[in-house]
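Step one of this worksheet: look at the structure below.
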Amino acid sequence: MSLAIVGIRKFWTRSATLVSILLVIGFVVLEFVAVGAGYRSGGTASTGLDKDTVTWFLSFPTAFDAILVIVYEFVAIVGLIYIATASGSEWSWGTLKVAVARGESRWHYTVSTFASLSIILLAGMLIAFLVGIAAVVVGASIAGLPVGNPADPAQFAQVAVKLARCWIALMALTSVGYAVAMIAKNQMAGIGTVIVYFVVSILSQALLPDIIKQVLKYQPFNITADAIGLAGPPTGGVASSAAAVEPNLALLISIGWLVALVGITALSVERTEITG
Amino acid sequence: MTASATLALSTTDLRKSYGRQMALDGLSLEVPSGVVYGFLGPNGAGKTTTMRLLTGLIRPNSGSISLLGRAFTGSQHDILHDVGALIESPSFYPHLSARDNLTVIGATGRRAAKARIDELLELVGLTDRAGDRVSRYSFGMKQRLGIAVALLNDPKLLLLDEPANGLDPVGIVNLRDTLKALAAAGKTVFISSHILPEVQQLADIVGIVAAGRLVTQGPLEELLTSQALIRVKVCPEEVAGASEVLSKLTGGGSIETQDPDAVWLSARIAANRAAEVNRALVGAGIYASGLEAGSDLESLFLQLTAPPEPTMQPTRPGAIPGWNSGVES
């Protein structure tokens, strides 16, 4: 059995995996049900969103984008922490040491481990996306708005492409957590860095001058969001209506980050001394 | 066939430091194929550092390593496919069962067959608990599983760091039998342990390290014989006669201890010559009130690894003396 497939097995059975997926699902469901319930109880005044935006959230096909935006946001945060935790434990449990002592290539092990985690990430994203579709139906029903047709075959190809872009973006973003945890040999370092990185990324958008923002828009947290290429809601909402970087360019840069971060991690593990 | 071809493991002038602290200071080991080699030393002597170097976890500052007849610099992964190792504490995925751990770990390096996993679970006595999560295992059970991991690839060379740690008496006996059987089958077992009587029962050859240097290395029997003592207890008035007898047998006896009633004389004589000593004393008209023969690994170890100067501090009456483990500061 290949190392990556075995890796999926070992990560999938961790309780942290189930908890992370349930957490994302909970957030996604809550988001759409809250929008529906808010609109029903007080209309646009209650939700802070106009009717077009609420319709964007709760009617297909635009709801696909809404689901992807929400799923991306939550999987990004939870996934970063999850991957930092899972990869850091390879050091704390001493399992990397066992693999190396058995003659496994450090480079192969590092890349395979990230590949396994990426498959887990894909599974979590798809589960959250499917639950999101159901949550939109429920939310629209609560709001009393027409939900549209979530099973429209004409949308499948487009949605599949967006899901693929979302997965690549998430891999690129979570590779930050992977790199920090593996290089620092510590899952807490990975988690801590992820939290600080997340907060700084948010604050920098509000506080920093434009010239610095022009540079920071290429850093993983921003560029990966642009790479999905989603159309935002008509006004307001969680996604910006205009991406800072053109989506295809953003996707290329995201892939660049992904390759660079996993490569640097593998190089670091290759050279480091395993003394724990 | 060259000399190195008959060695399963050798190191030459191996040096390794962590910052300013020198962990290994020119270690040269020679481990022939098909033997059990006991690698001994006090805490901090460099045993685990050696194990890490032999498995490519760390790299030496200088010196060379040869494993199974091939030079090993840490990057020749295929050499390690024929080496099994248990280093420090056993390491597993706690949320997986023993069987799943062996499957996952068996996917690294050279792939292990499923049948081999079942065979090893049986060997280490974990078949009945093979489906339980490892997080529920006792330390001894984890140690058994760690030994199973080391044996996964049916290795030609086995590196075991304190393998008897946490094992119950039955586990220790089973481990000893397994290791003896492996050596009899032509495998080489390199075992680091603090349980000296256990090593004495197992090892063909021992190497003793202290402060990162090899103090002695050789066949266990030879080392014990070279350090062997025959101790004879005689009356004070018979000391001169007894000393003369022992001198003839060895080239000199020395007074070791003295008490009001009798004197212990000691001489470097192989344990299997105790009857000869007794006969010679009787022949000289001296009837010893006590005769002790032999040497054990513990005595040899303590003698060879004792620090040059006493490090215990003077203690007040009744105080518990401090340890003198020889750990490098």
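We name chains A, B, ... by the order of the sequence lines, and we start the count at 1 in each one. Computation of the quantities below employed the complete heavy-atom set of this structure, encompassing side-chain atoms and omitting hydrogens, waters and symmetry-equivalent molecules.
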- Message: Using side-chain heavy atoms (C-beta onward) and a distance below 4.5 Å, is B:V149 in contact with B:L102?
- Response: yes
- Query: Which heavy-atom pair separates A:S254 from A:A227 by the least distance, and what is that distance?
  - Reply: OG-CB, 3.6 Å
- Message: Could you report the tightest heavy-atom contact between B:G63 and B:P60, atom names first, then the distance?
- Response: O-CG, 4.4 Å
- Message: Quick test of your reading of the model: are B:D78 and B:R70 salt-bridged, counting only N-O distances below 4.0 Å?
- Response: yes
- Message: For residues 112-127 of chain B, give me every residue with a non-hydrogen atom less than 4.5 Å from any non-hydrogen atom of chain A.
- Response: none
- Task: Could you tell me which portion of B:Y93 (side chain, backbone, both or neither) has an atom closer than 4.5 angstrom to a non-hydrogen atom of chain A?
- Result: both
- Message: Whether the B:T103 and A:R9 side chains hold a donor-acceptor pair (N or O, under 3.5 Å, no angle test) is what I'd like checked.
- Response: no
- Would you check if B:L175 and B:L179 make a side-chain contact, meaning some heavy-atom pair closer than 4.5 Å? yes
- Message: Less than 4.5 Å apart, side chain to side chain, heavy atoms only: is that true for B:F139 and B:P90?
- Response: yes
- Item | Least distance between heavy atoms, B:G26 atom then B:D13 atom | CA-OD1, 3.1 Å
- Query: If you tally heavy-atom pairs under 4.5 Å against chain A, which of B:H95, B:H81, B:R59, B:M51 wins?
  - Reply: B:H95
- B:D100 and A:K10 ion-paired at < 4.0 Å: no
- Item | Pair A:E90-A:T95, side-chain donor/acceptor within less than 3.5 Å | yes
- Segment of B:I105 engaging chain A (4.5 angstrom heavy-atom cut-off): both
- Item | Neighbours of chain B found in residues 106-123 of chain A - heavy atoms under 4.5 Å | A:R106, A:H108, A:Y109
- Go through B:K47 and B:E162 one step at a time and tell me if the salt bridge (Lys or Arg N to Asp or Glu O under 4.0 Å) criterion holds. CA-CA 10 Å; B:K47 299 189 301 298; B:E162 301 289 352; 5.2 Å; no
